[in-house]
Amino acid sequence: MHALKNDRLIRALKREPVDRTPVWLMRQAGRYLPEYREVRARAGSFMKLCKTPELACTVTLQPLARFPLDAAILFSDILTIPDAMGLGLYFKEGEGPHFERPLRRAEDIRALSVPDPNISLRYVLDTVRMVRHELAGKVPLIGFCGSPWTVATYMVEGRPDKTFPAIKQLQKEQPHLLHHLLDVLAQSVSAHLNAQIKAGVQAVMLFDTWGGLLDTEGYQEFSLRYAEQVIANVQRENEGLAVPFILFTKGGGKWLERMSKAGCDALGVDWLVDIGDARQRVGHNVALQGNMDPQFLYKTPEEIQAEVARILESYGAHPGHVFNLGHGILPDISPDHVAVFVEAVHNLSQRYHLKE
């Protein structure tokens, strides 16, 4: 494997000195890029795009051809695991993910088993190997999975529903059954992340998109507990190098202190939290990733630059900052505004990293 030419991201996640703050974007390979839309149309469906390594590799690399980003993130989906479990994942235009066979009966949940990522998710691993080869060490490749809690919400609801009535009912009436589901998912996520690492990803991220729906007690019991299980079971070294682990709970700002003790290297922070406050709260336990509101990318170049400057100033001259949005980039953002954003992070952050 090629040595990394740009290891800013890995160094920042390990809270080591860097020359400027590294930057990448959640959903950086996606619909805001016309070249992505062209490949997506050629694939015919989102799942075909995910399951065709050559095409998934192409869209993973597209943002790197446009912007001097400090990382590539694997093009895949958090619901590949339940698809491998046989739930029949498909995407409805304008609606998002649906399952043909959602988990509505206790016997269906008890019948689930951990899929072998080298068999049923091999297309993901083939994409990883292909991307690593094409990157040739230019920047690190980030792999990811959805958190057990977040993946479970989709599996039980079977379709997008922001009130999540089915999983709330399961949580209230059959918590032991929900714990069984979450345990199977934690094992599955750990296995898939380990397979991604073995295939060549150089950092991993756990997306807990719906953890913020829970109250504090519920978050601890149903989300963080299983994220900790994954963190404990994931291999944190490959090719003789550390593989940092990022945990991101959207809406999880109130629990940063607890999350910082989960064993991960970094926490993703959404825009509802001031990143300077977050840094003071977690101390030296973890690096922080974030946290510009994605809506800012609709604004003028001057307003984007001012917001980047504000966030960098709030974080201050401390190691361990990875610049990102507070959630995924929106599909109708202008790529020109993304270019302004990336350039602003690199240019404006240098003064915070001056050598002593």
Side-chain angles (χ1 to χ4, degrees), residues 9 13 24-31 46 50 56 60 71-84 89 91 96-97 117 121 124 127-128 141-157 160 162 164 167 182 185-186 188-197 201-214 219 222-231 233-234 243-253 255-256 259 262-273 286-291 294 322 324-331:
L9 174 85
L13 290 172
W24 68 278
L25 296 95
M26 290 183 270
R27 293 196 189 138
Q28 68 188 23
R31 292 176 290 175
F46 180 81
C50 283
T60 297
I73 181 162
L74 176 68
F75 182 79
S76 185
D77 193 81
I78 63 168
L79 300 179
T80 55
I81 286 174
D83 186 54
L89 175 63
F91 285 77
L121 293 163
V124 178
T127 302
V128 170
L141 174 61
I142 302 167
F144 69 92
C145 278
S147 72
W149 165 258
T150 290
V151 174
T153 61
Y154 288 103
M155 293 169 76
V156 173
E157 299 300 333
K162 295 205 173 160
F164 295 102
I167 199 158
L182 292 167
L185 283 170
S188 302
V189 168
S190 302
H192 191 26
L193 287 176
N194 280 331
Q196 289 183 40
I197 291 165
V201 303
Q202 291 141 302
V204 292
M205 182 159 168
L206 197 66
F207 283 90
D208 186 26
T209 312
W210 298 119
L213 292 173
L214 294 159
Y219 178 69
F222 294 102
S223 180
L224 187 59
R225 170 179 168 182
Y226 293 97
E228 287 172 340
Q229 189 176 321
V230 172
I231 292 165
N233 288 322
V234 165
V243 178
F245 194 115
I246 308 160
L247 171 62
F248 174 55
T249 295
K250 184 169 178 257
W255 306 308
L256 290 177
M259 292 164 69
C264 55
D265 299 282
L267 294 178
V269 184
D270 65 26
W271 66 92
L272 302 175
V273 179
V286 288
L288 291 175
Q289 177 176 280
N291 67 333
V322 173
N324 207 312
L325 303 176
H327 199 237
I329 185 168
L330 298 160

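Closest of all the heavy-atom pairs between Gly252 and Met259 is O-SD, 3.7 Å. The two residues Val273 and Gly253 come nearest to each other via the heavy atoms CG2-CA, 3.5 Å. In plain terms, the two heavy atoms of Gly211 and Ser223 that are nearest each other are CA-OG, 4.3 Å. For the residue pair Thr60 and Ala72, the shortest heavy atom distance occurs at CG2-CB, 4.2 Å. Across every non-hydrogen atom of Gly212 and Thr249, the tightest pair is N-CG2, 3.9 Å. A pairwise comparison of heavy atoms in Leu214 and Phe222 identifies CD1-CB, 4.4 Å as the closest pair.
Phe207 CZ to Leu247 CG: the interatomic distance, rounded to the nearest 0.5 Å, is 11.0 Å. Separation of atoms CZ (Arg27) and CG (Leu330) is listed at 8.0 Å; rounding is to 0.5 Å. With values rounded to the nearest 0.5 angstrom, Ile73 atom CD1 is found 10.0 Å from Leu9 atom CG. One distance of note links NE2 of His192 with CD1 of Ile81; it measures 5.5 Å at 0.5 Å rounding. Rounding to the nearest 0.5 Å gives a distance of 11.0 Å between CG of Leu288 and CD1 of Ile246. Atom OG1 of residue Thr80 and atom CZ of residue Phe144 lie 7.5 Å apart, to the nearest 0.5 angstrom.
Between the side chain of Asn324 and the backbone N or O of Gly268, no donor-acceptor pair lies under 3.5 Å. Listed for the Ser147 side chain is no donor-acceptor partner under 3.5 Å among the backbone atoms of Ala227. A donor-acceptor pair is defined here as one N or O able to donate and one able to accept, closer than 3.5 Å; such a pair exists between the side chain of Asp270 and the backbone of Gly251. Glu228 places no side-chain N or O within donor-acceptor distance of the main-chain N or O of Gly263, the cut-off being under 3.5 Å. Using a distance-only test at 3.5 Å, with no hydrogens or angles considered, a donor-acceptor pair links the side chain of Asn194 to the main chain of Asn233. Listed for the Asp265 side chain is a donor-acceptor partner under 3.5 Å among the backbone atoms of Phe245. Side chain of Asp208 to main chain of Trp149: no donor-acceptor pair is present (N/O by atom type, distance under 3.5 Å, no hydrogens or angles). The backbone N or O of Ala71 lies less than 3.5 Å from a partner atom in the side chain of Gln28, making a donor-acceptor pair.
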TODO: Would you sort out whether Thr150 and Lys250 count as a side-chain contact (heavy atoms from CB on, under 4.5 Å), showing the intermediate values?
DONE: CA-CA 10 Å; Thr150 290; Lys250 184 169 178 257; over 6 Å; no

Open item on the list: Does Tyr154 form a side chain to side chain donor-acceptor pair (under 3.5 Å) with Trp210? I'd like the steps, not just the answer.
Closed with: CA-CA 10 Å; Tyr154 288 103; Trp210 298 119; 3.0 Å; yes

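The aromatic rings of Phe75 and Phe46 sit perpendicular to each other, their planes meeting at more than 60°, with 30° as the lower class boundary.
Gln229 is linked by a side-chain hydrogen bond (donor to acceptor under 3.5 Å, both in side chains) to Asp183, counting only residues two or more places apart in sequence or in another chain. Judged as a salt bridge (charged side-chain N to carboxylate O under 4.0 Å, His left out), and not counting sequence neighbours, the contacts of Asp83 are Lys51.
In this structure, Leu89 and Pro82 have side chains that are not in contact, with every pair of non-hydrogen atoms separated by 4.5 Å or more. Within the 4.5 Å cutoff, side-chain heavy atoms of His327 are placed close to those of Phe248. Counting heavy atoms from C-beta on, the side chains of Leu213 and Phe164 come closer than 4.5 Å. Between Leu182 and Arg225 the shortest side-chain heavy-atom distance does not fall below 4.5 Å. The shortest side-chain heavy-atom distance between Val230 and Pro148 falls under the 4.5 Å cut-off. With a 4.5 Å cut-off on side-chain heavy atoms, Cys145 and Leu206 count as touching. You'll find the side chain of Leu185 reaches within 4.5 Å of the side chain of Met155, heavy atoms only.
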